[in-house]
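Keep in mind the model is a prediction, meaning the values are calculated, not measured.
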Amino acid sequence: MIKKFLDLGFQPLANKYLKKPKKLSKKNNDLYRLEVMFDTKTKLVSLKKKIPVKKMFNDKYPYRSSMSKTMPLAFKKLSKIIKKRFNPMKILEIGSNDGALIQNFNKDKAICVEPCGNLAKITKSKGYFTYSNYWNMKLSKKIKNKFKSVDVIYSANTITHIENLHNVFKSISYVLSDDGVLIIEDPSLLECLKKVSYDQFYNEHIYLFSSIALSNILKEFDLEIFDIEKLQTHGGSLRYYIKRKKNNFLQVKKRVGQQIRLEKKFKLHKFSTYLQFKIKVKKSKIRLINILKNLKSSNQIIIGYGATAKVTTILNYCEINNKLIDFFVDTTPDKKNKYVPGTNIIVKKYDKNLINMSRYLFLGAWNFKNEIFKKEKKFIKHGGKFITHIPFPKII
Ligand code: TYD
């Protein structure tokens with residue numbers, strides 16, 4: 001049975017930055033209802049309403065993996081691990097974005113899949129074989145015809161963005177060599193619950209995996225998780241190493257059982273846990289609004305730092321407008337001088353002088369806290385403060 005546990009109200013598409021603030025309407029399909037569900041059988045957490053893929057991932061997709069220092073560094077480290085551990089003849093990346101990972105591999109060993117034309121253009125221009133297509137069986141067959149099979153498939157923050165999980169894993173299994181390895185990484189449901197980061201829910205994050213749910217789903221395809229790594233990226237992610245069950249050359253590491261036990265200890269397999277989460281989310285909203293209102297009552301300028309997709313969920317759920325947050329700063333070129341979806345808050349190009357206009361920055365990109373705090377050492381030294389909602393709204 002699929003049961004609802006959270007309603008984050010009507011929301012716009014999280015990455016649809018507009019040049020002019022527009023009153024969005026349900027009638028024009030500008031808004032959808034963001035409700036989060038729990039499947040009591042598979043234990044999978046998913047969004048109720050799935051947005052058509054072409055509306056989300058098209059040639060205007062603004063997100064770029066290379067926009068932080070953290071992600072390219074993490075990808076460089078991972079590429080070394082993949083080469084050392086699996087030494088692939090062919091690596092396929094599903095959702096290669098601007099090539100932040102794949103650029104660490106030889107061009108003749110790599111295949112990119114990226115449906116957003118603006119991003120696919122970047123890897124193509126660097127000489128990487130890139131399919132500008134959505135991941136599905138048709139594409140998997142095309143790749144198998146051309147390359148026979150691939151021995152490593154990697155996908156970060158993409159599998160959970162695709163509605164038909166059955167089709168996803170079937171297509172992966174079709175092209176993966178018998179002793180091949182699938183590596184996927186996505187935000188961890190456990191971390192989301194612990195951090196009350198309800199902003200992990202937005203239209204692109206159709207699913208939020210736990211290792212419990214993922215193991216259950218993989219069974220259908222005779223696939224299994226044989227290793228798990230905990231990552232700091234995207235506010236706490238898990239990297240799953242997956243193989244065919246019949247592949248006995250790769251041992252299932254103890255870490256897999258440990259992670260599943262940890263999730264069970266936190267009762268991620270029980271619906272009641274999600275009802276408690278819902279209460280925490282409501283409290284978080286009230287507290288964040290109070291902090292912002294209090295600061296505004298003493299005429300403080302508040303600047304948002306990092307216009308993440310997650311921010312769209314927070315601002316729309318908490319009904320925060322430019323009376324509470326003056327504007328955002330962000331390093332992404334495609335977000336510059338546009339408005340956070342569903343709000344009248346403009347995003348300006350990151351500039352140190354802008355930051356220094358204010359004593360209070362709302363940490364939108366909380367998942368890059370370490371990188372940002374390092375970058376803004378001077379701001380902090382001179383008494384500047386950050387407002388964060390993780391794990392509970394406070395000024396730090
Ligand atoms: P991110 O949290 O990776 O993703 P999502 O949009 O999926 O929630 O987005 C980080 C955003 O923060 C991205 O728009 C770039 C921006 N950013 C800055 O503006 N400055 C910084 O120093 C960092 C680290 C990120």
Side-chain angles (χ1 to χ4, degrees), residues 11-19 24 28-32 34 46-68 71 75 92-102 111-126 128-140 142-143 153-172 175 184-187 199-209 233-234 237 307-313 316 330 332-335 338 340-342 347:
Q11 294 271 350
L13 300 190
N15 263 311
K16 201 168 177 199
Y17 291 81
L18 297 176
K19 285 194 182 130
L24 302 175
N28 296 343
N29 284 330
D30 295 328
L31 298 168
Y32 71 101
L34 181 53
S46 66
L47 303 189
K48 184 174 182 190
K49 169 95 182 140
K50 281 97 176 167
I51 304 295
V53 70
K54 285 185 185 148
K55 272 186 102 175
M56 298 192 282
F57 305 111
N58 49 46
D59 298 353
K60 290 197 178 78
Y61 192 66
Y63 182 77
R64 296 269 308 267
S65 301
S66 303
M67 281 303 117
S68 65
M71 291 314 290
F75 285 137
L92 164 72
E93 185 177 9
I94 305 173
S96 46
N97 197 274
D98 60 4
L101 170 94
I102 216 77
I111 311 162
C112 304
V113 174
E114 175 50 65
C116 304
N118 55 328
L119 299 171
K121 215 160 75 184
I122 302 172
T123 48
K124 276 183 192 167
S125 72
K126 289 180 186 163
Y128 283 90
F129 198 98
T130 307
Y131 289 98
S132 188
N133 296 90
Y134 296 105
W135 178 253
N136 54 29
M137 200 56 180
K138 196 172 155 202
L139 182 60
S140 178
K142 211 167 158 181
I143 295 174
I153 299 180
Y154 174 73
S155 191
N157 304 302
T158 302
I159 301 294
T160 49
H161 295 42
I162 310 176
E163 182 176 349
N164 191 337
L165 277 187
H166 178 88
N167 197 291
V168 166
F169 289 115
K170 203 171 149 196
S171 321
I172 286 175
V175 74
I184 61 176
E185 57 186 75
D186 284 282
D199 48 346
Q200 288 289 10
F201 296 111
Y202 56 90
N203 57 293
E204 291 172 21
H205 287 183
I206 299 174
Y207 304 101
L208 205 55
F209 285 155
T233 48
H234 288 288
S237 296
T308 60
K310 297 183 280 293
V311 154
T312 301
T313 295
N316 285 280
D330 196 285
T332 312
D334 283 348
K335 294 181 185 174
K338 290 185 184 161
V340 176
V347 183

ask   = For Lys338, does the NZ atom have more than 12 heavy-atom neighbours from other residues, nucleotides or ligands under 6.0 Å away?
value = yes

message = With rounding to the nearest 0.5 angstrom, report the CG to OH distance, Asn118 to Tyr61.
response = 10.0 Å

query = Taking the inter-plane angle between the rings of Tyr154 and Phe75 on a 0 to 90° scale, is it parallel (under 30°), tilted (30 to 60°) or perpendicular (over 60°)?
reply = perpendicular

task = Using a cut-off of 6.0 Å, state whether more than 12 heavy atoms not belonging to Lys124 lie near its atom NZ.
result = yes

message = Nearest 0.5 Å, please: how far is CD1 in Ile159 from CD in Glu185?
response = 11.5 Å

query = Is there a donor-acceptor pair under 3.5 Å between the side chain of Asp98 and the backbone N or O of Ser66?
reply = yes

query = Counting only heavy atoms not in Lys138, do more than 12 fall under 6.0 Å of its NZ?
reply = no

request  = Apply side chain to side chain contact (heavy atoms under 4.5 Å, CB included) to the pair Thr313 and Gln11, showing each step before the final yes or no.
outcome  = CA-CA 7 Å; Thr313 295; Gln11 294 271 350; 4.1 Å; yes

task = Write down the atom of Cys116, the atom of Ser132, and the distance for their closest heavy-atom approach.
result = C-OG, 4.4 Å

ask   = To the nearest 0.5 Å, what is the distance between CG (Leu101) and OG (Ser65)?
value = 9.0 Å

message = Could you tell me if Thr312 and Asn316 have a donor-acceptor pair between their side chains, going purely by distance under 3.5 Å?
response = no

query = If you round to the nearest 0.5 Å, how far is CZ of Phe201 from CG of Leu47?
reply = 7.5 Å

query = Are any side-chain N or O atoms of Asn15 and backbone N or O atoms of Pro62, one a donor and one an acceptor, separated by less than 3.5 Å?
reply = no

inquiry  = Looking at Lys60, I want to see if its NZ is surrounded by more than 12 non-hydrogen atoms of other residues, nucleotides or ligands under 6.0 Å.
reply    = no

Heavy-atom pair of closest approach, residues Val175 and Ile143 = CG2-CG2, 3.9 Å

key: Minimum side-chain heavy-atom gap Glu114-Phe57 below 4.5 Å   = no

note = For Ala309 and Ala14 the tightest heavy-atom approach is O-CB, 3.7 Å

ask   = Does Tyr32 reach the main-chain N or O of Asn203 with its side chain, forming a donor-acceptor pair under 3.5 Å?
value = yes

query = If every non-hydrogen atom of Met137 is compared with every non-hydrogen atom of Asn167, which pair is closest and at what distance?
reply = N-OD1, 3.5 Å

ask   = Taking all non-hydrogen atoms of both residues, which atom of Ile94 and which atom of Thr158 are closest, and how far apart?
value = O-OG1, 3.5 Å

query = So how far is it from Ser155 OG to Ile172 CD1, rounded to the nearest 0.5 Å?
reply = 6.5 Å

query = Between the side chain of Asn97 and the main-chain N/O of Tyr63, is any donor-acceptor distance below 3.5 Å?
reply = yes

message = We want to know whether Glu93 and Tyr128 form a side-chain donor-acceptor pair, criterion being a heavy-atom distance below 3.5 angstrom.
response = no

task = Run the numbers on Thr332 and Tyr17 for side chain to side chain contact (heavy atoms under 4.5 Å, CB included), then give the verdict.
result = CA-CA 12 Å; Thr332 312; Tyr17 291 81; over 6 Å; no

query = Between Val340 and Val347, does a side chain to side chain contact (heavy atoms under 4.5 Å, CB included) hold up when you go through it step by step?
reply = CA-CA 7 Å; Val340 176; Val347 183; 3.9 Å; yes

request  = Might you confirm whether atom NZ of Lys48 has over 12 heavy atoms from other residues, nucleotides or ligands at distances under 6.0 Å?
outcome  = no

request  = Please report the closest heavy-atom contact between Thr308 and Lys335, naming both atoms and the distance.
outcome  = CA-NZ, 4.4 Å

message = I need the Ser237 OG to Phe209 CZ distance, nearest 0.5 Å.
response = 12.5 Å

inquiry  = Does either side chain, that of Ser96 or that of Thr123, offer a donor lying less than 3.5 Å from an acceptor on the other one?
reply    = no

message = Test your reading of the model: is there a side-chain donor-acceptor pair from Glu204 to the backbone of His161, 3.5 Å cut-off?
response = no

key: Residue pair Arg64, Ile122: steps toward the side chain to side chain contact (heavy atoms under 4.5 Å, CB included) verdict   = CA-CA 11 Å; Arg64 296 269 308 267; Ile122 302 172; 3.8 Å; yes

ask   = Mind checking whether Leu92 and Trp135 have side chains closer than 4.5 Å, heavy atoms only?
value = yes

Pairwise side-chain contact, Pro115 with Asn133, heavy-atom cut-off 4.5 Å (strictly under) = no

query = Side-chain contact, heavy-atom cut-off 4.5 Å: Pro187 with Asn157?
reply = yes

query = Taking the side chain as C-beta and beyond, is there a heavy-atom pair between Tyr207 and Asp186 under 4.5 Å?
reply = no

